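These figures come from a predicted structure and were not determined experimentally.
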Amino acid sequence: MSTTAEFSDDEKKDFYGRADFFRLLDCDAPVNLTFLRGGAQIAQAKNVTQGYSERFSEAFDRVQITSSAAQSIHFVTRFGSVVGYDRPPVGDVAITNAAGPFLQGRVSVGTGSAVQLRPANTLRRRLLVQNNAAAGVLRLTVDGSAPSATDGLRLEPGDSLDLDGFCPTGAVRAIMESGAASFVEWLEG
């Protein structure tokens, strides 16, 4: 059942009908919901807004809605089915690069000792490292520790490591496992 109801400030209204699914389709201000069966409370949701939904393992026969402000509230209840509701965003979306620019560079890495490709960076949100060696295997760490010929992430010639989303913020260090010194490309943002 789809219902639209007008509410005043802090008004409480009861809606009756057997259902096991509830979805709040539209409201401007948060509402409190109390679900009852046979007069007994079985669930409560506080300060929810449009898009809130809940499926119950057992049916309720009344939903009590308390509005925090004067508004029109649209909701739906169902028994045995779920109601999907996708609402497109309203207004303009501005995507900004708030954490700074992307940087790119190249470092020569050999077998003697580990070199730092990038210092620790708490604002790092992406890291790409590529082994440009023709034959040498690159060992890499992203937590500031020193890699060795046997320790660290292993990148074969031409391989790359691309980290985004949850990106480590420690210093990035590298060493060649074997072979001649070679260039390692990096990109950080």
*Asks:* Is I42 reachable from V31 through a run of I, L, V, M, F, W or Y residues, each pair having side-chain heavy atoms under 4.5 Å apart?
*Replies:*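 Cluster IDs for V31 and I42 match.
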*Asks:* Checking R37 against D61 for the salt bridge (Lys or Arg N to Asp or Glu O under 4.0 Å) test, could you report, in this order, the C-alpha distance in whole Å, the side-chain angles of both residues, the deciding distance, and whether it holds?
*Replies:* CA-CA 5 Å; R37 180 176 47 246; D61 57 18; over 6 Å; no
*Asks:* Can you list the steps and then say if E11 with S67 is a side chain to side chain donor-acceptor pair (under 3.5 Å)?
*Replies:* CA-CA 6 Å; E11 183 177 9; S67 176; over 6 Å; no
*Asks:* Under 3.5 Å, is there a donor-acceptor pair between the H74 and S2 side chains?
*Replies:*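 Yes.
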*Asks:* On the ring face of F21, is R78 found with NZ or CZ under 6.0 Å from the centre and within 45° of the axis?
*Replies:*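 That pair does not qualify as a cation-pi contact.
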*Asks:* Does the plane of the ring in F75 sit parallel, tilted or perpendicular to the ring in F15? Use 30° and 60° as the thresholds.
*Replies:*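 The rings of F75 and F15 stand perpendicular, inter-plane angle above 60°.
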*Asks:* Would you name the heavy atoms of P119 and E188 that are closest together and state the gap between them?
*Replies:*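 The pair with the smallest heavy-atom distance is O-OE2, 4.4 Å.
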*Asks:* When you check the side-chain N and O atoms of Y52 and E54, is any donor under 3.5 Å from an acceptor?
*Replies:*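 E54 and Y52 do have a side-chain donor-acceptor pair below 3.5 Å.
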*Asks:* If you look at every heavy atom in A133 and P157, which pair is closest and at what distance?
*Replies:*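 Where A133 meets P157 most closely, the heavy atoms are O-CB, 3.1 Å.
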*Asks:* Quick one: name the residues clustered hydrophobically with L127, using the 4.5 Å side-chain heavy-atom rule over I, L, V, M, F, W, Y, and just say none if it's on its own.
*Replies:*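 Answer for L127: L103, V107, V109, V115, L117, V129, L138, L140, V142, L153, L155, L161, L163, V172, M176, V184, W186.
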*Asks:* Could you report the tightest heavy-atom contact between S68 and P30, atom names first, then the distance?
*Replies:* OG-O, 2.7 Å
*Asks:* NZ/K46 to OG1/T66 distance, rounded to the nearest 0.5 angstrom?
*Replies:*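 Going from NZ on K46 over to OG1 on T66, the span is 10.0 Å.
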*Asks:* Ignoring hydrogens and geometry beyond distance, is a side-chain donor-acceptor pair present between D28 and Q71 at under 3.5 Å?
*Replies:* no
*Asks:* At what distance, to the nearest 0.5 angstrom, does CG of N132 lie from CG of D159?
*Replies:*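 Reported to 0.5 Å precision, the distance equals 11.0 Å.
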*Asks:* When rounded to the nearest 0.5 angstrom, what distance separates CG in D164 from CZ in R124?
*Replies:* 13.0 Å
*Asks:* Can you measure from OG1 (T141) to CD1 (I175) and round to the nearest 0.5 angstrom?
*Replies:*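 Reported value, rounded in 0.5 Å steps: 10.0 Å.
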*Asks:* Nearest 0.5 Å, what's the CD-CG distance between Q64 and D14?
*Replies:*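 Between atom CD of Q64 and atom CG of D14 there are 4.5 Å.
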*Asks:* Heavy-atom count around R18 CZ within 6.0 Å, excluding the residue itself: above 12?
*Replies:*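 Counting other residues, nucleotides and ligands, CZ of R18 stays at 12 neighbours or fewer.
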*Asks:* Going by ring pair (Phe, Tyr, Trp, His ring centres under 6.0 Å), F60 matches just one of F22, F35, Y16. Which one?
*Replies:* F35
*Asks:* With a cut-off of 6.0 Å (strictly less than), are more than 12 heavy atoms of other residues, nucleotides or ligands near NZ of K12?
*Replies:* no
*Asks:* Is there a side-chain contact between Q50 and D26 (heavy atoms, below 4.5 Å)?
*Replies:* yes
*Asks:* State, to 0.1 Å, how close L123 and N121 come at their nearest heavy-atom pair, and which atoms those are.
*Replies:* N-OD1, 2.9 Å
*Asks:* Which pairs with one or both residues in residues 133-149 pass salt bridge (Lys or Arg N to Asp or Glu O under 4.0 Å), sequence neighbours excluded?
*Replies:* R139-E177
*Asks:* Might you point out which heavy atoms bring S145 and R173 nearest each other, and give the distance in Å?
*Replies:* O-CD, 3.7 Å
*Asks:* Mind checking the CG-CG spacing from N32 to N47? Nearest 0.5 Å is all I need.
*Replies:*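 Interatomic distance, N32 CG to N47 CG, rounded to 0.5 Å: 5.0 Å.
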*Asks:* For the residue pair R125 and F102, would you count it as a cation-pi contact if the rule is NZ or CZ under 6.0 angstrom from the ring centre and within 45 degrees of the ring axis?
*Replies:* yes
*Asks:* Write down the atom of A59, the atom of F79, and the distance for their closest heavy-atom approach.
*Replies:* CB-CE1, 3.7 Å
*Asks:* Could you tell me whether R126 and D162 have a side-chain N and a carboxylate O separated by less than 4.0 Å?
*Replies:*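 Yes, R126 and D162 are salt-bridged.
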*Asks:* Is it true that E6 and S72 share a donor-acceptor pair across their side chains at a distance under 3.5 Å?
*Replies:*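 Yes, a side-chain donor-acceptor pair sits under 3.5 Å.
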*Asks:* Which residues pass the salt bridge (Lys or Arg N to Asp or Glu O under 4.0 Å) test with D9, not counting sequence neighbours?
*Replies:*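 Scan of D9 (salt bridge (Lys or Arg N to Asp or Glu O under 4.0 Å), adjacent residues dropped) gives none.
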